[in-house]
Protein chains: 2
Amino acid sequence: MTDPAAPTDIPAADLPAKSRREQIHDVASRLFSERGYHATSMRDLAGELGMQGGSLYAHISGKEDLLIEIVNRAARQFDAALFTLRDVPLAADQKLREAMQRHIRVVADNMESATVFFHEWKHLSPGAYAQVTNWRDTIDAFYRDLVMQGIREGVFRADLDVKMAANLILSAVNWAYTWYRPGGNLTPRDVAEGYADMLLLGLRAPVPQEASS
Amino acid sequence: MTDPAAPTDIPAADLPAKSRREQIHDVASRLFSERGYHATSMRDLAGELGMQGGSLYAHISGKEDLLIEIVNRAARQFDAALFTLRDVPLAADQKLREAMQRHIRVVADNMESATVFFHEWKHLSPGAYAQVTNWRDTIDAFYRDLVMQGIREGVFRADLDVKMAANLILSAVNWAYTWYRPGGNLTPRDVAEGYADMLLLGLRAPVPQEASS
DNA sequence: CCTACCGATCGGTAGG
DNA sequence: CCTACCGATCGGTAGG
């Protein structure tokens, strides 16, 4: 009948068998990002997975642990993307391009957990909350160091306010979680390159040099 | 006894008598911004005002009406700040400076309601939700028009992607709600001027023109 | 993973 | 603005 070599009962390559734990994590990311942490009930979550509310507790220890894991995993993705860049010998403008590209890619590839990360971390209990604020400080420091490097090397304007420049860069890459649409016509790379061009060169047209024609 | 002209029993100028309705609105803005809409109970709210949960309903008609009013009031502030600027005859770069200053001022002067606005509008029921998305579109359009004006006038680079430029500007002014601290050493004007300088001129140091000394 | 249940708390109302 | 209450729903557990 059908080709005996056809692997019809093997999961498609893009659908590797996910552990139940992983499925719960994914659905929680989606629901928390769409409705918010407190507006999502454990029964909502269980319903989407075709099980009863109480059954979730065979796989997880509590609602907050789900939030902690989503937030921590997002934080680790940003870490992995940026900190390998710290000591790469690139000029500051090139390093900024690369950092923005990686940063935006993490946001774009994880829109749901990024949204949870930015909106729901305030609802963590003190321990996990403190971890996130510390993490945020290290990301801020990464971009401030990058700006300082650029000034030191003469690649960036000497009169930049380091903190404000870092804030401006962070605004651009973080705010993407509010408007980026993964299926659209802009890749994360397009956004990062466009943003980096505008940030590095400015919006204003260059003053026309007296043309020597 | 005391100077009869001294208005000692008149509320201080900075503490005008606020209606109970207004007090509820203020406390709700604070609690919703700190804890989120769904994590704030009507009893929390009443407790901060020294009353019982049920008593709130003598002044308001429901929890969501509070959220709607906070969000709508914030939207109206942005409107009032930006739309009076639409037809002002300023060059695009100057208009951008002014718009950013006004936009950031609205955020800075209303940190709590701005936070509620950006985080909680998704929890509105369909009618109010649609109003907010429409409003967001008009703000986007304002900045896109501004960028287009600048390109048309030759003030901005001709190769700008209008949508991305508008997004970058919006990122800068909106993200301020996450880090600005009203008591700090930066006024909204400082932030707006610094951001506008960086956006207009770029972070990169000008290429050294062969000095004609 | 289900059934059945726990105490706690929710937004909101009735009647005063 | 309070007391007392409503039905609904919450996160989580026991026992299987």
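Every chain is numbered from 1 and lettered A, B, ... according to where its sequence line falls, protein lines coming before strand lines.
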**Prompt:** Is D:dC1 paired to anything, Watson-Crick or G-U wobble with both distances less than 3.5 Å, and if yes, which nucleotide?
**Reply:** C:dG16
**Request:** Verify the contact: side-chain N or O of A:Y57 to OP1 or OP2 of D:dG12, cut-off strictly under 4.0 Å; return yes or no.
**Result:** yes
**Request:** Check the distance between C:dC1's P and A:I60's CD1 and give it to me in whole angstrom.
**Result:** 12 Å
**Item:** Note, A:L66 side chain near A:L45 side chain (heavy atom, < 4.5 Å)
**Value:** yes
**Request:** Name the orientation class of the two ring planes belonging to B:F117 and B:W135 (parallel below 30°, tilted from 30 to 60°, perpendicular beyond 60°).
**Result:** perpendicular
**Asked** Any side-chain donor paired with an acceptor under 3.5 Å for A:D190 and A:T187?
**Response** yes
**Request:** Side chain of A:S55 only, please: which of D:dC1, C:dC2, C:dG11 is the nearest?
**Result:** C:dC2
**Asked** Roughly, in whole Å, what's the span from CD in A:Q52 to C1' in C:dC6?
**Response** 17 Å
**Whole-Å distance separating the CE atom of B:M42 from the C1' atom of D:dC1** = 15 Å
**Request:** Measure the distance from CZ on A:R43 to P on C:dT3 and round it to the nearest whole Å.
**Result:** 13 Å
**Message:** Strictly below 4.0 Å, N to O, side chains only: are B:R105 and B:E98 in salt-bridge contact?
**Reply:** no
**Prompt:** How close or far is atom P of D:dG11 from atom CG of A:L66, stated in whole angstroms?
**Reply:** 11 Å
**Message:** Does B:G54 reach a base, just sugar-phosphate, or nothing at all? Heavy atoms under 4.0 Å.
**Reply:** base
**Message:** Using whole Å, what does the distance between atom P of nucleotide C:dT9 and atom NZ of B:K63 come to?
**Reply:** 15 Å
**N or O in side chain of A:H59 less than 4.0 angstrom from C:dC1 OP1/OP2** = yes
**Message:** From CG of B:L56 over to C1' of D:dC2, roughly how many Å is that when rounded to an integer?
**Reply:** 12 Å
**Message:** Between A:A58 and B:S61, which residue's closest nucleotide on DNA chain C lies nearer the 5′ terminus?
**Reply:** A:A58
**Asked** Is there a side-chain polar atom (N or O) of A:R20 under 4.0 Å from OP1 or OP2 of C:dC1?
**Response** yes
**Asked** Quick one: is A:S41 getting a side-chain N or O under 4.0 Å of the D:dT9 phosphate, OP1 or OP2?
**Response** no
**Item:** Distance flag, aromatic centroids of A:F118 and B:W175, threshold under 6.0 Å
**Value:** yes
**Message:** Distance check needed: C:dC1 C1' versus A:L45 CG, whole Å only.
**Reply:** 15 Å
